[in-house]
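To start, the structure under review is shown below, and the notes come after it.
Just the heavy atoms: all of them, side chains too, but no hydrogens, waters or symmetry mates, feed the values below.
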Amino acid sequence: MAKVALELPSPPKSQFTVLEGNGKVSLIDTNGHSQSQEQLPNVTYSLVHITPGRLRFRVPRLRRDADYAKRLEVLLTADALVKNVRVKPAAMSVAVTYKSDKVSDAKMRSHLHDLIQAASVVVVLKNSTSISETEKEPSWPGLQLSAVATTLAVLGGPLGLPIPPLIVVLPIAIATLPVVQRAWEGITVKRKLNIDFLDLMAIAITTFQGQFLTPSLMLGLIEVGENIRDRTARSSAQQTLDLLSSLGQFVWVERNGEKVQIPIQDVQRGDTVIVYPGEQVPVDGSILRGKALLDEQKLTGESMPVLKKKGQPVFASTLVREGRIYILAEWIGNDTRAGQSIKLMQEAPVHDTRMENYATKFAQKAVVPTLLLGGAVFAATRNPSRAASVLTLDFATGIRVSVPTTVLAALTYAARRGILIRSGRALEQLAEVDTIVFDKTGTLTKGEVDVVSVESLNPATSRLRVLELAAAAEQRLTHPVAEAIVRYAQAEQVAILPRSKWDYQLGLGVQALIDGETVYVGSDRFLRTSGIDTEALNGHQKSPNSAIYVASNGQLQGIIKYSDLLRPESREVITALSTVEGVEIHMLTGDNKRTATAVAAELGILPTHTHAEAFPEQKATVVRQLHEQGKTVAFVGDGINDSPALAYADVSVSFANGSEIARETADLVLMQNDLHGLLEAIAIARQAKQLIRQNTGLVAVPNLAALAIAVLFGLNPLAATVVNNGSTVVAGVNGLRPILKSRQHKALPSAR
């Protein structure tokens, strides 16, 4: 039995638990009272397909209610009787594979009915005990050890308590182990002396001399710097999209004249694969028979579904919205076009996860001169304390702490502004960006069809009547244009009239009886084949917007133009990037050239910078070519088809509502799904770069002055540590300015 904690929306504010087992579900509140199923709001659905051990439902609410879709998926996944769940909101589809040996088909249908209804009123609460123990990685207690060593050094030094030196040396020695390891790796692996070697020398000398406070403070600051730097690093273990998993576990094939369901891994070239409405195409191939309306947006970026018939090619990861097709499997698994997109992404160059910029490079270059200078001072004075002072006054410690502090502050400030920047390297590259490549569909545009205008072509018919007839004919159809027309009619407060008879022809249009009139809504070809005179359409087909036509009682009544509309902020953001920031703008799209040119002109993007009909590999090629020209390239996209280009860009940008692989590949995720976030991210990155330069000066100037004193006149190692660490603290505080600024912004409203 599986147990999931749930909470009903207020009021009332009551906690419930769903207990699953024996094919039943019940809602029980925290006081032990049962919640009757009759109290649940009714969620309409229909059973589309049934085979032994597998059911598929069409649930319209999935498309318009993302929260409901997530809740339903969690409930089904947690159910003890369910083996596998596939929820596809875009297709309003839920496919459930269950343990047919433990429950009858009838009982399982009743059980799933209860869960579909229950998902409308419950909010899933995460179980705190579900966190796996493997996620809890043990961390090195470096800060604690240095704190203990510092405390013992103060007690045994300035305070004069009788503490044996061995007790102080022991935590210092243990805390130094990571420094020893990094210094040894620098010598044996990278074949060079690094900052850690300098630190190790200074710690060893001062510890040997019995100046325990100096190495203790050094170790504490080193550990702080390492922790901060590691937090800014992008994780090297990225989640990789498994193509087969994304397409589901089972597919239907026709073998020896029979339809059988097999695991997707068992599909072979030459198989006849059957794809039903709401399912994704699992292979690349050509249609043997049937026709279907295919949504190819994930692969090509094309916002409008495409009607495909016998002999035409289809590709894996595209969605069958309507119709049923039999496909000859020609390419399977990672050999499909979608699989090659994943391969391109995986083969993209992997960048160092530790931030490399001019500050850290400068610090590394200072290691050998500092070491030589310390050796020269010791040779001249025979005073190890003066040599240790020189080694302590390296620029590396301050820069190594202040730079990551600045980066972390910038990343934190960006996160508070709804901008997720994954690494310090991404922040640094973002500050240098001089070229930005935008995907069109879903990035510069909304990614969904909207009605642009409704025109009457008959003086006796008003535009609202045209819209009224079209909405009545298109109601409850799942085609994106039909849904857009109904949405527009509702926004215009036009009544949706009932339709008594209707006939939908895939890829053409719909004929319906409305208000006693025979209404035709569809393409110009559909109207002509239905006997409608379309001469009045001359001159209306040159618009870059697509159109659908409305006729009734044998006469053309009007035209409805629709388009994938631009985001409200796209024009403003493009203008600001090109004029204020001086960035070169390019646009990539899988759309046809006519549509791409029209959108580019509207946004002010040059025709030479507009790349149409681009498949994933072509998008990656464009980004690579720009990079090879010496440009620092940012790519903004949100789909599977964008993932190769995202991976090859210097900085990749996606949206929170983009595809999973786009979010995983992206260096920068705009959580508010608003392009203004890109402008703000660039401003934050450039401010961080300016602060890093300031911090380098704040560290370098006092350390240079103290170094001159140490070489010429001598300086106590503890004083050198104070100068070195003091400049580090000042630079660190300066680096925190973005966070401090964000707190001031939050405090302003309450101060009024």
Side-chain angles (χ1 to χ4, degrees), residues 43-45 58-69 88-93 120 277-278 293 295 297 302-306 319 321-322 440-456 461-499 502 504 506-512 514-515 519-523 526 543-552 557-570 591 595 599 638 655 657 673-674:
V43 177
T44 58
Y45 70 93
R58 184 181 296 274
V59 187
R61 183 167 174 177
L62 289 173
R63 178 176 288 182
R64 64 177 187 271
D65 190 342
D67 291 334
Y68 172 81
K88 298 185 180 298
M92 303 179 291
S93 171
S120 65
L293 198 65
D295 186 341
Q297 184 170 341
E302 178 72 53
S303 56
M304 282 299 302
V306 180
L319 177 71
R321 281 187 173 269
E322 297 171 2
K440 181 186 78 70
T441 306
T443 303
L444 292 172
T445 67
K446 293 180 179 180
E448 63 179 18
V449 176
D450 281 306
V451 172
V452 176
S453 65
V454 178
E455 300 175 28
S456 172
T461 305
S462 69
R463 63 174 293 276
L464 287 181
R465 179 61 176 173
V466 171
L467 180 59
E468 188 177 54
L469 292 173
E474 298 276 22
Q475 61 185 299
R476 294 192 297 279
L477 294 182
T478 58
H479 193 287
V481 176
E483 293 174 340
I485 290 172
V486 172
R487 282 199 311 270
Y488 188 77
Q490 291 170 341
E492 293 282 310
Q493 298 183 340
V494 171
I496 309 295
L497 301 174
R499 64 181 180 192
W502 60 281
Y504 174 62
L506 188 62
L508 293 173
V510 60
Q511 174 185 340
I514 300 162
D515 233 2
V519 177
Y520 301 89
V521 181
S523 64
F526 177 58
S543 168
N545 296 319
S546 302
I548 194 169
Y549 308 99
V550 182
S552 67
Q557 302 295 343
I559 177 173
I560 298 176
K561 294 181 180 179
Y562 59 90
S563 178
D564 181 9
L565 297 180
L566 290 174
R567 287 175 177 267
E569 74 276 11
S570 291
D591 274 350
T595 303
V599 173
D638 70 334
F655 297 95
N657 64 353
N673 300 308
D674 189 322

### Query
Under the side-chain contact (heavy atoms from CB on, under 4.5 Å) criterion, do Val452 and Leu565 qualify, and how do the steps go?
CA-CA 8 Å; Val452 176; Leu565 297 180; 3.7 Å; yes

Provide the closest heavy-atom pair for [X] versus [Y] in the form atom of the first, atom of the second, distance.
X: Phe655; Y: Asp674; result: CE2-N, 4.0 Å
X: Ala470; Y: Val550; result: CB-CG2, 3.9 Å
X: Glu468; Y: Ala495; result: CG-O, 3.7 Å
X: Tyr504; Y: Gly509; result: CD1-O, 3.4 Å

Interatomic distance, [X] atom [atom1] to [Y] atom [atom2] [nearest 0.5 angstrom]:
X: Glu474; Y: His479; atom1: CD; atom2: NE2; value: 8.0 Å
X: Thr445; Y: Lys440; atom1: OG1; atom2: NZ; value: 4.5 Å
X: Arg58; Y: Lys88; atom1: CZ; atom2: NZ; value: 13.0 Å
X: Asp295; Y: Arg321; atom1: CG; atom2: CZ; value: 4.5 Å
X: Phe526; Y: Ile548; atom1: CZ; atom2: CD1; value: 9.5 Å
X: Gln557; Y: Leu467; atom1: CD; atom2: CG; value: 13.5 Å

### Task
Take Ile560 and Tyr488, measure what side-chain contact (heavy atoms from CB on, under 4.5 Å) needs, and give me the verdict at the end.
CA-CA 11 Å; Ile560 298 176; Tyr488 188 77; over 6 Å; no

### Message
I'd like to know if the side chain of Arg567 and the backbone of Thr443 have a donor-acceptor N/O pair within less than 3.5 Å.
### Response
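Side chain of Arg567 to backbone of Thr443, a donor-acceptor pair under 3.5 Å: yes, one is there.
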
### Message
Is it the case that the side chain of Ser570 and the backbone of Leu444 share a donor-acceptor pair, with hydrogens and angles ignored and the cut-off at 3.5 Å?
### Response
yes

### Query
Would you say the side chain of Val486 lies within less than 4.5 Å of the side chain of Arg476, judging by non-hydrogen atoms?
no

## Note on the structure
Tested for side chain to side chain contact (heavy atoms under 4.5 Å, CB included) against Pro305, the lone hit among Leu293, Leu319, Val449 is Leu293

#### Entry: side-chain contact (heavy atoms from CB on, under 4.5 Å) against Gln475, all qualifying residues, sequence neighbours excluded
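With neighbours one apart ignored, the set is Ala472, Ile496, Arg499.
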
#### Entry: Criterion side-chain contact (heavy atoms from CB on, under 4.5 Å) on Val451 and Arg487, from CA distance to verdict
CA-CA 9 Å; Val451 172; Arg487 282 199 311 270; over 6 Å; no

